[in-house]
Every structure is written in structure tokens, then in C-alpha cells.
Amino acid sequence: MTVMLGVDLDGRDVLLVGGGAVAAKRLRRFLGEGARVRVVAPEVHGDIAALVAQGRVAWAARRFRGADLSGAWLVHVATGEARLDRRIAERCARRRILCINASDGAHGSTRLTAQAEIGDVTVAVTSTVGADPRRSVAVRDAIVELVAAGSLPLRRRRPGRIGRVDLVGGGPGPVDLMTVRARRLIAEADVLVIDRLGPAEEVVRGLDADVEVIDVGKLPGRHAVPQDEINRIIVARAAAGSRVVRLKGGDPFVFGRGGEEMQACLSAGIPVDVTPGISSAIAVPQSAGIPVTHRGTAAAFHVVNGHGDVGAATRAAMLDPTVTTIVLMGVAAIERLAATALDAGVPADRPVAFVESGHTDRQRTTHTTLGDAVADARRIGLRNPAVIVVGEVASARLLLPAVETVGADSA
């Protein structure tokens with residue numbers, strides 16, 4: 001029978017008897033926990049020697065003496081001599097000092113676990129009979145993999161006095177393009193504030209029934225929840241002790257107004273952090289075989305919000321044949337965008353691509369040119385969500401054989 005306990009080693013004395021590769025590996029873990037580490041060994045591994053030279057570890061270059069146990073909270077023995085390791089472990093037991101016997105886990109009072117930090121939860125795995133570190137590591141790794149699937153029940157069951165807000169980028173849509181951290185934070189959330197775009201619909205299906213889901217998504221021409229109200233919602237829920245995830249499509253800081261939400265949290269004294277997501281500015285063209293940069297074709301890219309004016313920087317980007325211009329939320333602005341570009345002297349044959357509903361089974365890609373863009377947008381019934389790419393990388397057949405698409409079911 002093994003009872004697992006969490007031991008706080010911060011500022012406490014840990015003695016390593018033996019200075020080989022095993023001790024070197026364990027040493028960094030003890031230092032990471034804030035322990036004061038001493039090493040007793042005639043010779044030490046190069047990694048230990050480097051830490052000694054930095055003044056982070058004390059080293060007695062000799063064999064073990066009984067007096068070395070004085071003051072130790074925890075002893076790690078790995079001398080390479082099984083009988084000596086066992087005798088030291090027995091001494092520790094008599095003096096009620098925790099001891100890890102690296103040569104034979106069954107003869108130490110303590111074992112190191114295979115451990116992982118998942119948010120504010122520590123997962124530790126060990127064998128109950130005998131030492132089997134490889135199995136422990138395999139079980140730990142399998143648990144960690146569940147984080148990526150959002151399958152671990154990580155939510156707190158006791159409410160805190162004050163919560164926090166995480167602004168999480170959901171990426172371009174598919175759940176499996178989200179980061180592991182994003183999945184973990186969603187699994188921990190008490191409140192999920194979602195947008196229309198991104199993976200929200202699929203994510204919501206896997207939540208506990210008592211997770212509060214607040215839909216603040218915007219549709220073209222209809223802003224159901226003003227940004228000030230969104231700010232108020234996330235601050236109020238966090239101030240009441242909830243962990244709030246503000247889930248956005250793409251990346252929170254790429255036309256996602258994440259900066260405003262962060263400012264609202266900081267002004268209210270609410271802990272807040274940002275988890276990046278893959279921006280649709282890169283991912284959606286990529287899904288259509290369009291690289292935003294390509295050696296010998298495009299050396300830079302410029303991202304613009306189609307709702308705004310076509311400013312000097314955007315006109316300059318479209319004029320430069322080595323720059324890719326990516327327009328987000330630009331379906332309603334295609335006529336104005338094309339007219340401004342042509343008036344600025346951008347060639348009418350500059351390649352343009354429309355990528356609608358990227359990374360979904362409804363994805364449709366249309367290759368055209370700046371001169372024909374408006375007519376082709378009307379002909380195909382261009383609709384949101386769509387990313388517009390202007391530049392030489394949008395040319396048909398740059399990477400993939402491309403066929404102009406005019407039907408909703410075409411790819």
C-alpha cells in the first residue's frame with residue numbers, strides 16, 4: 001500500500017547521496033520545487049558540476065557519512081552500490097527521514113512519482129507494489145493526452161473568492177486545431193462566453209450541464225451584445241468567483257477586440273491572461289493551398305479589417321507585388337476595396353482569391369483577379385465568413401491544381 005502525499009520542499013534541505021546521471025536528473029526537479037540541495041559523492045555528473053559552479057548546489061566530494069543526514073528532510077540515494085543504498089535507506093527509516101532509494105524503490109520509504117502540472121492541478125502516478133517508473137510515465141502521459149481532448153474533469157468544485165478571465169483563441173474552426181492549453185482552460189471553466197465563429201458549437205456540446213454558456217456572437221449587420229456589455233459580463237462573472245473563458249474565433253488579438261477585454265479586466269482588478277489561437281488570416285488561405293508568404297513570390301503579408309477605410313498602408317501593400325494582402329470581414333467591402341486598389345495603380349491582373357467557410361465541409365475557393373473580383377463575387381454569391389487574399393500567392397496553381405469554383409458544393 002502506498003499513500004501519496006504532496007510534500008512542500010520549498011526552502012527545505014534535500015540530500016543526494018551519489019552524483020551520477022540519475023541524481024542529475026532528479027536534482028533539477030528538486031531545485032524546481034525550491035529545495036536547498038546538497039550532494040555527497042566522490043564524483044559528480046557534468047550537469048551537477050555545472051550547478052555547483054553556479055552556486056546552486058553544495059557538493060561534498062567524498063563518500064557518505066552518517067552525519068550527512070543531519071538536517072535533511074528528504075534523502076535521495078543513488079550511489080550505484082545497492083547494499084550501500086539500502087543501508088542509507090535503513091538509517092533514514094530509523095531517523096524518520098523520507099528516503100528515495102533509486103536502486104530499489106521497495107527499500108526506500110518514499111518514491112518519486114511521474115508527475116505533470118495541468119493548470120493548478122498536479123497529477124502524480126506511482127506503483128503501489130514495487131517500482132515501475134516506465135509504467136508510471138506511460139499512465140501519466142495518457143492522462144495528459146486527455147487534456148487535449150478536453151476529457152479531464154478539471155473544474156473546481158469549491159468556488160473561489162475571486163475568479164479569473166482567460167481570453168482564448170479558438171483558431172479557424174476545427175476543435176483539433178485548438179491548443180492544448182485552450183482545451184484545458186475550457187475544461188476548467190465555470191462560464192464560457194462564446195462568439196459565432198470558431199469551434200464554439202462543438203466545444204459547447206462537451207461541457208458539463210452546469211457550465212454557464214453566454215452567446216455574444218455578432219452577425220453581419222447585427223451586433224446583439226455591445227462590446228461594453230461583453231466586458232461587463234466577463235468582469236462580473238469573474239468578480240463573483242467564476243473562472244471565465246472568453247472563447248473567440250481565430251486569435252483574441254487579431255481583430256478580436258481582446259485588448260479591450262483585457263483592459264476591462266485589468267481596470268477591475270481581475271486576473272486575466274491570453275491564450276493565442278491560429279488566426280484565420282493565415283489558416284484559411286492555408287486550407288485552400290495559399291501560403292501567405294512564399295519564397296520568390298511573397299516576402300511579407302499585410303492583414304486588414306474590411307470594415308475600415310482602405311488606408312495608405314493597405315494601398316502600398318497591394319501595390320507591392322512581394323506583399324500578400326489579407327482582408328478579414330471584407331465581403332461587404334469588396335467593391336470599395338477593388339475600386340480603391342485600381343485607382344491607386346494596382347494592376348487589374350493582380351491575383352485575388354476568395355476562401356469561404358475555411359476549414360469546414362462548406363469551404364469554397366474562388367480564384368480571380370482584381371479587375372474581375374467584384375463581378376465574380378456577385379456571380380458566385382460571395383458570403384461570410386470569408387477571407388479575401390490579394391497578391392501573387394493567390395494565383396491559381398501556385399501550389400495546388402486549382403479550379404475556379406462557382407457551386408456551393410465545389411472545393
Side-chain angles (χ1 to χ4, degrees), residues 2-8 10 29 32-33 112-126 135-171 173-195 198-216 230 233-252 256 258 261-262 265 270-278:
T2 298
V3 176
M4 294 178 65
L5 302 173
V7 179
D8 182 2
D10 189 26
R29 183 165 171 183
E33 295 294 332
L112 273 181
T113 59
Q115 188 169 309
E117 307 296 327
I118 304 174
D120 59 1
V121 173
T122 298
V123 172
V125 180
T126 191
R135 181 178 69 164
S136 297
V137 167
V139 174
R140 177 205 61 193
D141 290 348
I143 293 171
V144 170
E145 287 180 7
L146 294 176
V147 178
S151 300
L152 282 182
L154 295 174
R155 287 182 60 215
R156 295 177 305 175
R157 301 306 170 181
R158 293 182 178 180
R161 287 180 295 179
I162 188 166
R164 62 172 290 113
V165 172
D166 284 282
L167 310 177
V168 173
V175 168
D176 59 359
L177 287 181
M178 295 175 66
T179 64
V180 173
R181 181 182 295 181
R183 297 306 305 272
R184 189 254 299 169
L185 291 171
I186 290 168
E188 294 176 353
D190 304 306
V191 179
L192 196 63
V193 182
I194 62 172
D195 279 340
E201 182 178 345
E202 187 173 350
V203 165
V204 166
R205 288 199 295 266
L207 297 178
D208 291 344
D210 59 341
V211 175
E212 183 182 12
V213 178
I214 304 173
D215 186 350
V216 297
I230 295 174
I233 289 170
I234 62 176
V235 167
R237 295 302 194 279
S242 294
R243 292 190 176 186
V244 180
V245 165
R246 173 70 172 105
L247 180 62
K248 298 171 174 291
D251 183 272
E261 293 170 0
M262 173 169 269
C265 293
I270 299 296
V272 59
D273 200 3
V274 182
T275 296
I278 304 172

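We number each residue from 1, following the sequence as shown.
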Check your understanding: Which atoms form the tightest heavy-atom contact between Pro199 and Gly171, and what is the distance?
Key -> CD-O, 4.5 Å
**Study point:** Heavy-atom check, side chain of Asp195 versus side chain of Val216, under 4.5 Å
**Key:** yes
**Study point:** Exceeds 12 heavy-atom contacts within 6.0 angstrom, atom CD of Gln115
**Key:** yes
**Study point:** Separation of Ile214 CD1 from Ile233 CD1 (nearest 0.5 Å)
**Key:** 5.0 Å
Exercise for review: Determine yes or no for a side-chain-to-main-chain donor-acceptor pair under 3.5 angstrom, with Asp208 supplying the side chain and Asp210 the backbone.
Suggested key: no
Check your understanding: Does Glu188 pair with Arg164 as a salt bridge, N-O distance under 4.0 Å?
Key -> no
Check your understanding: Would you call Val123 and Val144 a side-chain contact if the rule is heavy atoms closer than 4.5 Å?
Key -> no
Check your understanding: Taking side chain as C-beta onward, heavy atoms only, is Ile186 less than 4.5 Å from Leu207?
Key -> yes
Review point. Taking C-beta and beyond as the side chain, do Pro252 and Val168 meet within less than 4.5 Å on heavy atoms?
Key: no
Practice item. Would you name the heavy atoms of Ala200 and Leu247 that are closest together and state the gap between them? Key: CA-CD2, 4.0 Å
Check your understanding: Are Val7 and Glu33 close enough that some pair of their side-chain heavy atoms sits under 4.5 Å apart?
Key -> no
Practice item. Looking only at non-hydrogen atoms, find the nearest pair between Gly277 and Asp251 and report the distance. Key: N-OD2, 3.0 Å
In residues 175-184, what donor-acceptor pairs under 3.5 Å come from side-chain atoms, sequence neighbours left out?
from: Thr179; atom 1: OG1; to: Ala182; atom 2: N; distance (Å): 3.0
from: Arg183; atom 1: NH1; to: Ala148; atom 2: O; distance (Å): 3.3
from: Arg183; atom 1: NH2; to: Ala149; atom 2: O; distance (Å): 3.0

Review point. Taking atom CG of Leu146 and atom CG of Asp141, what is their separation to the nearest 0.5 Å?
Key: 11.0 Å
Exercise for review: With sequence neighbours left out, write down each residue that passes side-chain contact (heavy atoms from CB on, under 4.5 Å) with Ala124, or none if nothing qualifies.
Suggested key: Met4, Thr113
Check your understanding: Where is the tightest heavy-atom contact between Val165 and Ile234, given as atom of each residue plus distance?
Key -> CG2-O, 3.7 Å
Point to revise | Closest non-hydrogen atom pair, Ala189 against Val211 | key: O-CG2, 3.8 Å
Check your understanding: Do any N or O atoms from the side chain of Asp190 and from the backbone of Arg243 form a donor-acceptor pair under 3.5 angstrom?
Key -> yes
Exercise for review: Give the C-alpha distance, both sets of side-chain angles, the deciding distance and a yes or no for side chain to side chain contact (heavy atoms under 4.5 Å, CB included) between Met262 and Val274.
Suggested key: CA-CA 8 Å; Met262 173 169 269; Val274 182; 3.3 Å; yes
Review point. Hey, what do you get for CD1 (Ile118) to CD1 (Ile143), rounding to the nearest 0.5 Å?
Key: 7.0 Å
Point to revise | Derivation and outcome, side chain to side chain contact (heavy atoms under 4.5 Å, CB included), residues Arg29 and Leu112 | key: CA-CA 10 Å; Arg29 183 165 171 183; Leu112 273 181; 4.1 Å; yes
Revision key, fill the gap. d(Ile194 CD1, Asp215 CG) to nearest 0.5 Å is 4.5 Å
